[in-house]
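Remarks on the structure that follows.
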Amino acid sequence: MKFAALLVRNFSLLAVQRSEPALGGRPVALVAGEGRRAAVREASPEALRVTPGLAVPLAAARCPGLLLRERDPAAEVEMQRLLLAAAFALSPRVESTAQGCCTVDLQGADPARMEAALHRQALELRQLGVPVRIGAGDTPLLARYAARCAEPVLVVRERATFLGPLPIGFAEPAPQQAAVLEGWGIRTLGGLTALPKAEVGARMGPDGVALWERANGESPAVLRLAEPARTFAATWNYEPPVESVEPLLFKLRRFAERVALELRGAGFVAESLSLSLLLEDETDHHRSFRLPEPGADVDSWLRVLQTHLDTVRLAERVAGVRLVAAPARPEQRQDGLFDTGLADPSSFWENLARLSALVGDDRVGTPVPLDSHAPDAFRLERPHHAVPAPEAPPVHPPRGGALRRFRPAWPARVRCAETGPVALEGAVHGEIRVSLGPRILRGDWWKPGMWAVEIWQVELAGGGLYQLTRNAEGWWIEGVID
Amino acid sequence: MPKPTTIAALRSLVAAWAPAPHARGGEGIATGVPAIDAALGGGLPRGRVTELVSAAPSSGGELVFAALLASTRAARLRIALIDAADGFAPRNHRADLLRHLVWVRPRSMPEALECADVLVRDGNYAVMVLDTRGVPARVLRQQPAGAWHRLRLAAEQNPGAVLVQSAAGLVPAVPWRLVLRAPASLRDLGRTRAERVEGLAVEVERGHAGAGEELAG
């Protein structure tokens, strides 16, 4: 087993079905040609008694309720990329042989493990709604023949036994060649290869030799290698534009399936997702989602995107959508023996991602005070996957109250005496019974953004402790001391 | 330290050294505030919503949260804070006391309730705190009562405790409502936080007799 081929039958029809949710489970026929020449090119299994080549009126008469569609080049490109992504998950040497067909170079791989991988890949693609057939053999052509017969995976071990009974049509003889072979009574590949190659060449010329070689499954072992995905992105334009979430989510799921497959094939996971909605008025709505736990799980991505889309209200209809995944290497880590881990890690990271989608990436996380004297200087970090053992308590226990901040601080008017503030006016007001201060804080004096504040703690006569600050712009109530 | 000579002794040593990571059900989650833990029979009840009302400014609601942070940190339990008015000040605390905290800063009260709905179903948090202090009363009144009912039902199906901090009784039919009424003075700030926590006085209200009795029983 040196090569494998991934083959999708009715590729164009399937591409249309995958891009239109309403077509699932219904009789659909793909039509080629116009006017009276319009004929069925491919038909779904639900379209009973409709066969390729049938004139459209006849097909419609045979199958009431038949839905007719034309080819969708954009959907075909998208599905071919999905197929390529699946192929790249098997090997880095992949050829995009034709629409709906990829050939993979498996030379050097362990045959037993590779056969298991082929079955896994076929199963995964079928779960994504792509009924792929995978064949494997010693030559690219043999692998493609095997793929045509596979259900869903076929590995050719005995070339002659496999090829012998296959119809001669597999070797694609030209019409004249087919007529000659018919005259000779040859209907199978085995029948042709039973003849000496030189004798066939003497009677049918070089084309006959090429046909004999094709019938014997021989083909050059050189592939025209495709480039693996370097950017993990997908774009779609809606015609007509859409105004509800469902078609967006349907398309985003398709994108996510393909992009996740590309990422996995390249050994990456996504650390963030970027969603752009192109609106009818040519403006766009853009949002990035940092994934708390980088991964390539489509369902998790979709839940994050849906959580955000459910909150979005747009003035215009959506004419296009673009999804970009930022790749990162999967994190390797080893927890400490006595660290407290997560009861349900997937739910933890997924819920964090949903919260980020809801309130914004910069508003969810574990707070870390910054090494600065600036008031309210902190940053939010990605939460720890394990809670480490606590540090030793400080030698000097903390004193004072805990400030509860007003963000932004409330402007205030403060009446002062020689001893300090004596009355407060603003959203909080009253006579000040006692005050503590001032405590002067300055920082960043070596930079243009130098700051300086004067801090007072005051107790109002009516009850309540507040922290006041004074800077160049005036007085502010910074928060309540609790 | 003497070496354990039996398996049982070794187990108890390990249990003391490394607390069980995901203890479920049974006992409540200690807040570290003696008055509250005593009133609730050991701490915040798991699978229940408890409301803590700071009826006066500077009455100690933030001090209770600081004690809860320290207590859950010592037990290595995760805690989530949904800060509806974005008032939490991380610089009040040592960095080590925040390592088990997930702080969510919604921009509005409906967002806060939506976040609570997500987090209350996440089995990874021992305590989820929804802090509504600082949210205008008008905005709080506009929230559908069904949201609180939904939160209560979700809490009952999960192992964590839910604490709602408010400035006035907010959650209908809450099993336990604790009220802090006494405002602190500037003189109190000279004491250590531990001393202040020891001295906190809490009034207990049973908002929903049936649920309260069920818990008490």
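By convention in this document, chain letters (A, B, ...) are assigned in the order of the sequence lines, proteins followed by strands, and residues within each chain are numbered from 1.
- At a threshold of 4.5 Å between non-hydrogen side-chain atoms, the residues B:Glu156 and B:Arg48 count as touching.
- Classification of A:Glu431 and A:Arg433 as a salt-bridged pair fails, no side-chain N sitting under 4.0 Å from a carboxylate O.
- Per-residue counts of heavy-atom pairs under 4.5 Å with chain A were compared for B:Leu63, B:Leu81, B:Asp131, B:Asn92; the largest is that of B:Asn92.
- In this structure, chain A has a heavy atom under 4.5 Å from the side chain of B:Tyr125, while its backbone stays farther away.
- A salt bridge does not link B:Arg196 to B:Asp188: none of the charged nitrogens lies less than 4.0 Å from a carboxylate oxygen.
- For the set B:Glu111, B:His100, B:Glu114, B:Arg73, the entry with the most heavy-atom pairs within less than 4.5 Å of chain A is B:Arg73.
- Of all the listed residues (A:Pro397, A:Pro398, A:Ser356, A:Gly360), the one sharing the greatest number of non-hydrogen pairs under 4.5 Å with chain B is A:Pro398.
- By the 4.0 Å N-to-carboxylate-O rule, A:Asp361 lies too far from A:Arg382 to be salt-bridged with it.
- Ion pair A:Glu271/A:Arg290 not flagged as a salt bridge, since none of the NZ, NE, NH1 or NH2 atoms sits closer than 4.0 Å to an Asp/Glu carboxylate oxygen.
- From B:Trp148, atom CH2 reaches atom CG of B:Leu113 across 5.0 Å, with rounding to the nearest 0.5 Å.
- For chain B, the nearby part of A:Arg354 is the side chain; its heavy atoms alone come within less than 4.5 Å.
- Contact of the B:Arg187 side chain with the A:Glu459 side chain is not registered, since no non-hydrogen atoms from C-beta on lie closer than 4.5 Å.
- Between B:Leu52 atom CG and B:Ser166 atom OG the span is 7.5 Å, to the nearest 0.5 Å.
- Each of A:Val480, A:Val364, A:Leu358 has some count of heavy-atom pairs under 4.5 Å with chain B, and the biggest count is that of A:Leu358.
- The minimum heavy-atom distance between B:Leu186 and A:Val434, with the atom names listed, is CD1-O, 3.4 Å.
- Contacts of A:Ala374 with chain B are made by backbone atoms alone, with heavy-atom separations under 4.5 Å and no side-chain atom involved.
- The candidate from B:Ala56, B:Gly190, B:Gly134, B:Ala80 with the greatest count of non-hydrogen atom pairs under 4.5 Å with chain A is B:Gly190.
- A salt bridge links B:Arg133 with B:Glu62: at least one charged nitrogen is closer than 4.0 Å to a carboxylate oxygen.
- In this structure, no portion of A:Val428 lies under 4.5 Å from any heavy atom of chain B.
- Proximity to chain A (any heavy atom under 4.5 Å) is restricted, for B:Asp83, to the side chain, taken from C-beta onward.
- Counting heavy-atom pairs closer than 4.5 Å to chain A, the top-ranked of the candidates B:Val64, B:Asp86, B:Val102 is B:Asp86.
- Proximity to chain A (any heavy atom under 4.5 Å) is shown, for B:Ala184, by both the backbone and the side chain.
- Residue A:Ala427 does not touch chain B at all, counting heavy-atom pairs closer than 4.5 Å.
- Aromatic rings of A:Trp410 and A:Tyr466 (six-membered ring for Trp) have centroids beyond the 6.0 Å cut-off, not under it.
- Heavy atoms closer than 4.5 Å to chain B are found in both the backbone and the side chain of A:Leu465.
- Heavy atoms closer than 4.5 Å to chain B are found in the side chain of A:Leu380, but not in its backbone.
- Between B:Phe88 and B:His93, the ring center distance clears the sub-6.0 Å criterion.
- By number of non-hydrogen pairs under 4.5 angstrom with chain B, the leading residue of A:Leu460, A:Leu370, A:Thr311, A:Asp362 is A:Leu370.
- Interface remark: B:Arg191 contributes backbone atoms only to the contact with chain A (heavy atom separation under 4.5 Å).
- For a residue to count as touching a neighbouring chain, one of its non-hydrogen atoms must lie under 4.5 Å from one of that chain's; by this rule B:Leu180 does not touch chain A.
- Looking at A:Thr307, neither its backbone nor its side chain comes within 4.5 Å of chain B, counting heavy atoms on both sides.
- If you tally non-hydrogen atom pairs under 4.5 Å between each of B:Gly60, B:Ala112, B:Ala95 and chain A, the highest count goes to B:Gly60.
- Among the candidates A:Gly479, A:Gly463, A:Ala377, A:Pro393, the residue making the largest number of heavy-atom pairs closer than 4.5 Å to chain B is A:Ala377.
- With a threshold of 4.5 angstrom between heavy atoms, A:Phe378 approaches chain B through side-chain atoms but not through N, CA, C or O.
- Contact between B:Val104 and B:Cys115 at its shortest, heavy atoms only, is CG1-SG, 3.8 Å.
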